[in-house]
Amino acid sequence: MHLRIDGDTRLLVLTGAGVSAESGVPTFRDASGLWENHPVEKVATLEGFEADPRLVWRFYSERRRRAKNVHPNAGHAALADAESRMGDRFLLVTQNVDGLHRRAGSIRLVEMHGSLFETSCTGCRREAFPDDGEYLADPPRCEECASRGRVGLLRPAVVWFGEVLDPMRMHRVSSFIDESRGARLVFLAVGTSGLVYPAAGMVLQARAAGAEAWLVNAEPPENLRAFHHFVRGPSGKVLPPLFEWS
Ligand code: BV8
């Protein structure tokens, strides 16, 4: 099955852990998934961080180390190629924090759950800053807080469960959908279990604007019924031949 794209088509893509799986990055919910060994509440919530920042930094430091040692795969490349052909008629939103889309050349990209390679402070409102440090012993502290005689624990600049998403990032998605009214809008989800909100609701948001909804996934996900077309298979193999350019 091919996804036809012509000059009047706008393409909104949502990716999840399944796209990075073929680069060797463990997904969250498959058999050997990340959450299997680390209950979400302990490593992916603010409460879990406050209870044990050392454990959480070990979890994220291990993910930073892993992500540094893998490379984008053909699925990432196919999406970067689609962007280069479509320009501002294309937008890629990812739930992934591993930075692989950026490394594959994607620019029109919204990292809705933040980035593994950025760090922010729980004690002050400083901007998240680039950081690929691995902290296995004492959790890192904010030097700006220290200069004001305060203690500020640094944290991974990712969106944890129970935390709201950055409205600026989400506005980019809703305005892309709004700008698509009157054109042919295609929504393509790739490699996501459709369990985590608000990402899992994006297909309905796009369909409410008249989108044609496509899904590429290894297994039928929770929200399969929301899609018009489902192409079952590994994203690294399915994505490169999927688009039919006219
Ligand atoms: C929020 C960053 C407002 C950190 C992540 C009840 C109902 C609805 C919502 C809720 C609810 N209770 C609580 C909520 C809200 C909650 C939520 O959705 N919980 C779920 C679990 C029910 N959401 C939130 O808290 C969000 N904030 O809503 O704010 C609010 C505030 C307070 C209270 C209520 C509302 C914040 C969510 C963000 C959490 N952060 N990540 C980090 O990465 O460490 S989520 C995390 O899961 C990752 O980002 C991951 O990407 C994401 C989703 O998982 P997937 O990407 O889908 O990965 P998964 O492993 O699940 O699936 C992989 C899929 O790929 C599978 O289907 C598999 O078959 C497929 N696959 C595998 N290999 C391949 C493949 N496909 C193709 N090719 C392959 N090779």
Side-chain angles (χ1 to χ4, degrees), residues 13-49 55-67 70 72-79 92-101 110-120 128 155-167 169-170 188-205 214-224 226-227 230-242:
V13 183
L14 170 69
T15 60
V19 169
S20 296
E22 280 164 72
S23 293
V25 180
T27 65
F28 290 82
R29 293 170 183 84
D30 291 335
S32 62
L34 269 175
W35 305 128
E36 292 297 307
N37 317 320
H38 302 281
V40 170
E41 313 68 48
K42 288 204 178 323
V43 293
T45 60
L46 182 57
E47 295 73 25
F49 177 74
L55 168 72
V56 173
W57 267 115
R58 277 211 300 275
F59 175 64
Y60 281 93
S61 297
E62 168 58 17
R63 288 178 63 194
R64 281 185 176 175
R65 188 189 62 73
R66 244 184 239 249
V70 296
N73 63 62
H76 295 104
L79 294 174
L92 171 57
V93 191
T94 187
Q95 301 172 82
N96 303 334
V97 296
D98 55 34
L100 286 174
H101 283 301
V110 177
E111 291 174 309
M112 66 188 291
H113 291 161
S115 166
L116 205 46
F117 295 104
E118 286 191 345
T119 293
S120 56
R155 57 164 284 179
V158 298
V159 180
W160 281 327
F161 289 96
E163 293 188 317
V164 291
L165 278 70
D166 178 340
R169 288 180 185 143
M170 299 321 287
L188 168 65
V190 191
T192 180
S193 58
L195 283 174
V196 173
Y197 286 81
M202 206 173 284
V203 56
L204 298 179
Q205 189 185 354
W214 288 67
L215 173 70
V216 171
N217 212 55
E219 316 284 336
E222 283 285 309
N223 61 343
L224 177 63
F227 294 90
F230 173 39
V231 185
R232 182 168 186 164
S235 51
K237 291 184 185 42
V238 170
L239 281 179
L242 178 68

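We're numbering straight along the sequence, starting at 1. Both ligands and their constituent atoms are indexed starting at 1 by order of listing.
Under 4.0 Å from ligand 1, the heavy atoms of R63 that appear belong solely to its side chain. Contacts with ligand 1 closer than 4.0 Å are made by backbone heavy atoms (N, CA, C, O) of L195 only, the side chain lying farther away. Contacts between V97 and ligand 1 below 4.0 angstrom, taking non-hydrogen atoms only, involve the side chain exclusively. When non-hydrogen atoms are compared, ligand 1 lies under 4.0 Å from the backbone of A17 as well as from its side chain. Residue contacts with ligand 1, taken as heavy atom pairs separated by less than 4.0 Å, involve A21 solely via side-chain atoms from C-beta onward.
Using bins of under 30°, 30° to 60° and over 60° for the plane-to-plane angle, the ring pair H38/F59 lands in the tilted bin.
Residues passing the side chain to side chain contact (heavy atoms under 4.5 Å, CB included) test with L165 are M112, H113, V159, M170, P198, sequence neighbours excluded. Under the rule for a salt bridge (Lys or Arg N to Asp or Glu O under 4.0 Å), the partners of E163 that lie at least two apart in sequence or sit in another chain are R155.
Here's the thing with P234: none of its N/O atoms is less than 3.5 angstrom from an N/O atom of ligand 1. Considering backbone and side-chain atoms together, W160 places no N or O closer than 3.5 Å to any N or O of ligand 1. By the 3.5 Å distance cut-off applied to N or O atoms, G194 is not counted among the residues near ligand 1.
At a 4.0 Å cut-off, at least one heavy atom of G233 sits close enough to ligand 1 to count as contact. Under a 4.0 angstrom heavy-atom cut-off, G162 registers as being in contact with ligand 1.
The contact set between ligand 1 and E22, taken as ligand atoms under 4.0 Å from a residue heavy atom, comprises 78 (N), 79 (C), 80 (N). Near T192, with a cut-off below 4.0 Å to any heavy atom, the atoms of ligand 1 are 55 (P), 57 (O), 64 (C), 65 (O), 67 (O).
Among H113, H38, Q95, the residue whose heavy atom sits closest to atom 51 (O) of ligand 1 is Q95. The closest non-hydrogen atom to atom 71 (N) of ligand 1, taken over A44, P221, G18, comes from G18.
Of the residues S20, S235, S23, the one that meets the side-chain hydrogen bond (donor to acceptor under 3.5 Å, both in side chains) test with N73 is S23.
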